[in-house]
Amino acid sequence: MKPIITRFPPSPTGYLHLGGARTALFNWLYARHMKGTFVLRFEDTDVQRSTQASVDAIFDALQWLGIDWDEGPYYQSQRFDLYREYIRKLVDTGNAYYCTCSPEKLDEMRKTAMASGGKPRYDGTCREKGLKPASDSVVRFKAPLMGATVIDDVVKGPIVFQNSELDDFIIQRSDTTPTYNLAVVVDDITMNINTIIRGDDHVNNTPKQILLYRAFGAELPVFAHVPMVLGNDRSRLSKRHGAMSVTAYREMGYLPEALLNYLVRLGWSHKDEEFFTRDDLIEKFSLENIGKSAGVFNPEKLLALNADHIMASSPEKLAPQVLPFLIRKGCPAACDNHLFKVIETLKIRSKTLEEMADGALFYYACEVRYDEAAADKFLLPAALESLTLLARQIQAMTSFTEKSLEDAFKSVMETTGLKLGKIAQPVRVALTGRTASPGIFEIIEVLGKEKTLDRLNRAIGFIRSRAGETS
RNA sequence: GGUCCCAUCGUCUAGUGGUCAGGACGUCGGCCUCUCACGCCGGUAACACGGGUUCGAAUCCCGUUGGGAUCACCA
């Protein structure tokens with residue numbers, strides 16, 4: 001069995017969007033699963049629209065996703081000589097010809113065809129003229145007039161196209177650069193690509209490409225056309241549907257594994273499993289289980305999956321990923337043992353790293369900023385006794401464990417006759433400034449004796465001064 | 001419009017002739033509980049329609065409807 005060689009061929013005309021990422025992922029996974037080779041190639045023959053910034057953005061996104069390549073990156077713009085050589089072969093073998101019909105004439109041709117209800121296709125004016133290259137001539141592929149071309153698609157099954165539907169498409173522009181269909185085929189042939197996994201928006205190009213493979217006498221690759229990713233209005237995913245670039249998800253605090261997991265499940269399944277790590281996917285991915293119908297992108301499910309992946313990650317793994325979010329918020333955190341403990345308390349209640357960072361801020365604050373409503377509700381004179389008692393208990397403690405803290409609270413409960421619920425909320429506001437946070441015992445343990453006492457005492461002072469004001 | 005593709009809960013999907021049509025997200029109710037979460041229990045909700053084939057169709061065939069893609073000297 002021949003080794004599988006797949007490729008991802010983005011055109012660098014913008015950031016890497018979710019659809020592209022999924023295509024890259026499928027190709028990468030298949031190559032990894034089959035222990036084959038994954039090739040990266042930039043299709044930048046459109047010099048006008050291709051930019052280095054886009055190339056960099058795509059590198060950045062792929063790297064973040066952890067999608068690495070074994071070969072390339074190749075740039076089509078550096079292979080023009082090769083394409084010319086292949087085009088010449090086609091002309092020499094009578095499979096292509098020069099055409100001098102002007103764009104204006106073609107336009108008119110299309111219009112009259114449309115007007116009379118016909119198809120907008122080239123009428124073959126120059127097909128049999130045997131023209132020599134001229135300054136403004138293009139090269140057209142001489143497509144068969146009869147017969148049919150069939151795609152043996154692994155996901156959709158056989159797809160038949162009547163050759164009479166195809167026209168003599170241009171393979172070389174008047175500026176001697178190759179067009180898309182020619183360049184892909186030459187590249188895929190010369191790079192030995194034998195498995196092409198791409199969006200099914202390419203299905204209609206495929207018969208043209210198959211014809212080119214035949215004209216070159218090359219072996220056909222396996223085609224797998226995967227269904228599109230749709231927006232919530234069921235139209236093709238685009239900017240209208242909100243955040244589209246892969247890196248936007250990084251900024252919002254998504255884990256690359258979660259995004260990968262979500263993307264792969266959009267169109268592929270393995271039994272009824274929902275959660276996959278990167279290694280799971282490499283092990284389980286297969287072309288057979290790719291679905292046929294288009295899928296709607298659902299941000300809520302992505303979010304839920306992100307929460308699952310956060311929960312499944314270790315604090316050590318999470319720390320370097322949250323750190324940038326903390327720093328961006330002006331938090332003096334470092335990737336240390338303390339941060340690991342902080343994360344441990346937040347993991348289970350954070351759906352994104354952004355949320356986790358927000359939740360972590362209070363641990364690092366020099367002075368807790370009280371949420372107004374929280375302070376109004378809980379930092380009241382009624383809490384003074386338990387706060388004071390608790391401070392005294394903690395003062396006397398030498399080390400914190402869940403058990404010893406529980407005992408401290410119990411003692412306060414006994415003295416005051418209050419339930420834990422009544423005591424915990426004021427303490428929570430004193431320590432975090434908010435009414436929602438990780439468990440009280442966890443917080444105290446992570447905060448440490450000194451900070452806990454500081455905050456308790458400050459809250460006591462806060463209540464006293466307030467009481468003074470109002471009385 | 002031509003060509004091509006697709007069709008199971010709102011969404012992602014399992015299902016490959018015989019299932020009470022399963023799971024996940026969402027949603028609703030409840031439990032747990034120091035808050036928020038997590039977790040747990042339960043509810044809601046789908047085979048687009050019409051014909052066949054078959055003892056028996058979500059599963060196979062045809063048609064209808066609906067949705068999508070594509071029709072460049074873009075990729």
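Naming: A, B, ... by sequence-line order, numbering from 1 per chain. Model, not experiment: these values are computed from the prediction.
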Scan [X] against the nucleic acid and name what it touches under 4.0 Å (heavy atoms): base, sugar-phosphate only, or nothing.
X: A/E43; value: sugar-phosphate
X: A/L266; value: sugar-phosphate
X: A/T13; value: nothing
X: A/G267; value: sugar-phosphate

*Rounded distance in Å between the C1' positions of B/C61 and B/G68*: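 Each nucleotide's C1' atom is 24 Å from the other's.
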*P atom, B/C55 versus B/G1: distance in rounded Å?*
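Those two atoms are separated by 41 Å.
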*Regarding A/R140 and the six-membered ring of A/Y122, is the cationic atom NZ or CZ under 6.0 Å from the ring centre and inside 45° of its axis?*
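Flagged: A/R140 positioned over aromatic ring of A/Y122.
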Take atom [atom1] of [X] and atom [atom2] of [N], then tell me their distance rounded to the nearest Å.
X: A/L106; N: B/C73; atom1: CG; atom2: P; answer: 6 Å
X: A/H270; N: B/C12; atom1: NE2; atom2: C1'; answer: 17 Å
X: A/N298; N: B/U27; atom1: CG; atom2: P; answer: 11 Å
X: A/R434; N: B/C34; atom1: CZ; atom2: C1'; answer: 17 Å
X: A/E274; N: B/U13; atom1: CD; atom2: P; answer: 10 Å
X: A/L166; N: B/A72; atom1: CG; atom2: P; answer: 12 Å

_Nucleotide-resolved protein contact map, nucleotides 36-47 of chain B, B/S/- at heavy-atom distance under 4.0 Å_ = BBS---------
*asked:* Given B/C34, B/G68, B/A75, identify the nucleotide with an atom nearest to the side chain of A/D46.
replied: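 The answer is B/A75, which lies nearest to the side chain.
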_Check this for me: does the side-chain of A/K271 come within 3.5 Å of the base of B/A14 through a donor and an acceptor?_
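Answer is no: no donor-acceptor pair is held.
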*What pairs meet the side chain to side chain donor-acceptor pair (under 3.5 Å) rule with one or both residues in residues 430-444 of chain A, with sequence neighbours excluded?*
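Sorted pair list: A/R428-A/S437.
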*For the residue pair A/Y83 and A/F80, does the interplanar ring angle fall in the parallel (under 30°), tilted (30 to 60°) or perpendicular (over 60°) class?*
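If you compare the ring of A/Y83 with that of A/F80, the planes turn out tilted.
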Please list each protein N or O that sits under 3.5 Å from an N or O in nucleotides 4-8 of chain B, with the distance.
{"unit_1": "B/C5", "atom_1": "O2'", "unit_2": "A/K156", "atom_2": "NZ", "d": "2.7"}

